[in-house]
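What follows is a set of notes on a single structure, which appears directly below.
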Amino acid sequence: MRRAVCPGSFDPITNGHIDIISRASRLYDVVHVTVMINKSKSGLFTVEERIALIEEVTSAYGNVRVEAFHGLLVDYCKQRDIPAIVKGLRAVSDFDYELQMAQMNNGLSGVETLFVPTSPTYSFLSSSLVKEVATWGGDVSHLVPPTVLEALVGKLRRP
């Protein structure tokens, strides 16, 4: 069985993330979408909310498994016998950082990293930008799925 992981913070999941996940789901039998927990960062959405949103927007694929993990990504991969990490690349600046991570991960565990170029439609997109634009009342409806938009607007309206 061919297995891969798509890791990230997904705070919130965007159409760019979904583009990479959907493409990985066509290449692998099982795709683990892993919300990586960074205790030093506080997200807009709780880890549980992120997982629920990801499960909802990826349910049509049938071969996507969603969970959270705190620790090194390579430990997650080793524990689940996952030989590949799939990462989306938006720009050359992403490549510089991701190449270092890929080389470190491979050196630590032998896990391979596959880079998937992001669709040009989403080449500028990040969760941080979505949150910033939405915070100021900008329209992000074309950048996230409807359920994510609803959750995002709900979060930002709370005092």
Side-chain angles (χ1 to χ4, degrees), residues 1-131 143-149 151-152:
M1 184 174 290
R2 296 170 303 156
R3 299 157 44 102
V5 61
C6 289
S9 59
F10 305 106
D11 186 37
I13 190 166
T14 69
N15 289 341
H17 293 127
I18 294 167
D19 174 51
I20 299 301
I21 293 165
S22 69
R23 291 160 67 192
S25 75
R26 292 191 300 268
L27 299 172
Y28 291 94
D29 299 315
V30 178
V31 175
H32 295 259
V33 176
T34 306
V35 177
M36 300 301 291
I37 301 168
N38 183 341
K39 297 282 188 195
S40 66
K41 284 185 171 181
S42 62
L44 179 63
F45 290 93
T46 67
V47 171
E48 295 76 20
E49 289 169 330
R50 292 180 225 178
I51 289 171
L53 287 169
I54 297 165
E55 286 175 340
E56 186 171 343
V57 300
T58 62
S59 63
Y61 302 127
N63 64 340
V64 172
R65 309 291 176 261
V66 185
E67 63 185 325
F69 187 74
H70 181 260
L72 293 175
L73 180 58
V74 293
D75 290 338
Y76 178 88
C77 292
K78 283 193 271 187
Q79 291 170 11
R80 289 156 183 81
D81 195 29
I82 298 171
I85 300 166
V86 176
K87 299 289 294 211
L89 294 178
R90 294 171 294 192
V92 173
S93 57
D94 284 350
F95 180 76
D96 290 338
Y97 173 76
E98 294 297 347
L99 178 61
Q100 289 178 333
M101 292 300 296
Q103 290 169 331
M104 177 63 80
N105 288 338
N106 186 266
L108 289 171
S109 67
V111 173
E112 296 292 346
T113 300
L114 286 85
F115 296 123
V116 178
T118 302
S119 167
T121 305
Y122 307 119
S123 63
F124 65 93
L125 186 54
S126 71
S127 295
S128 298
L129 280 175
V130 166
K131 288 185 288 193
L143 306 176
V144 296
T147 55
V148 175
L149 179 64
L152 180 61

Requested in this report: Taking atom OH of Y97 as the centre, report whether more than 12 heavy atoms of other residues, nucleotides or ligands fall under 6.0 Å from it.
Outcome: no
Requested in this report: Give the C-alpha distance, both sets of side-chain angles, the deciding distance and a yes or no for salt bridge (charged side-chain N to carboxylate O under 4.0 Å, His left out) between K131 and D11.
Outcome: CA-CA 9 Å; K131 288 185 288 193; D11 186 37; 3.0 Å; yes
Roughly how far, to the nearest 0.5 Å, is the [atom2] atom of [Y] from the [atom1] atom of [X]?
X	Y	atom1	atom2	value
S126	H17	OG	NE2	8.0 Å
N105	I85	CG	CD1	4.5 Å
L108	C77	CG	SG	11.0 Å
Y76	H32	OH	NE2	5.0 Å
F10	L53	CZ	CG	12.0 Å
I21	I54	CD1	CD1	6.5 Å

Locate the shortest heavy-atom distance separating [X] from [Y]; write the atom from each residue and the value.
X	Y	result
S25	V64	CB-CG2, 4.4 Å
T34	A68	CG2-C, 4.4 Å
E56	T147	OE2-CG2, 2.7 Å
R50	S9	NH1-O, 2.9 Å
D81	R3	O-NE, 3.6 Å
R23	V116	NH2-CG1, 3.2 Å

**Report entry** Backbone N/O of Y28 and side chain of N63: donor-acceptor pair under 3.5 Å
**Finding:** yes
**Report entry** Flag, side chain of T118 to backbone of L89, donor-acceptor distance under 3.5 Å
**Finding:** yes
**Report entry** ring pair (Phe, Tyr, Trp, His ring centres under 6.0 Å) against Y61, all qualifying residues, sequence neighbours excluded
**Finding:** none
**Report entry** Pair Y122, T14: side-chain N/O donor-acceptor within cut-off below 3.5 Å
**Finding:** no
Report task. Please list, chain by chain and in numerical order, all residues satisfying side chain to side chain donor-acceptor pair (under 3.5 Å) with N106, sequence neighbours excluded. Result -> E112
Query - Side-chain heavy-atom pair V86, V31 within 4.5 angstrom cut-off - result: no
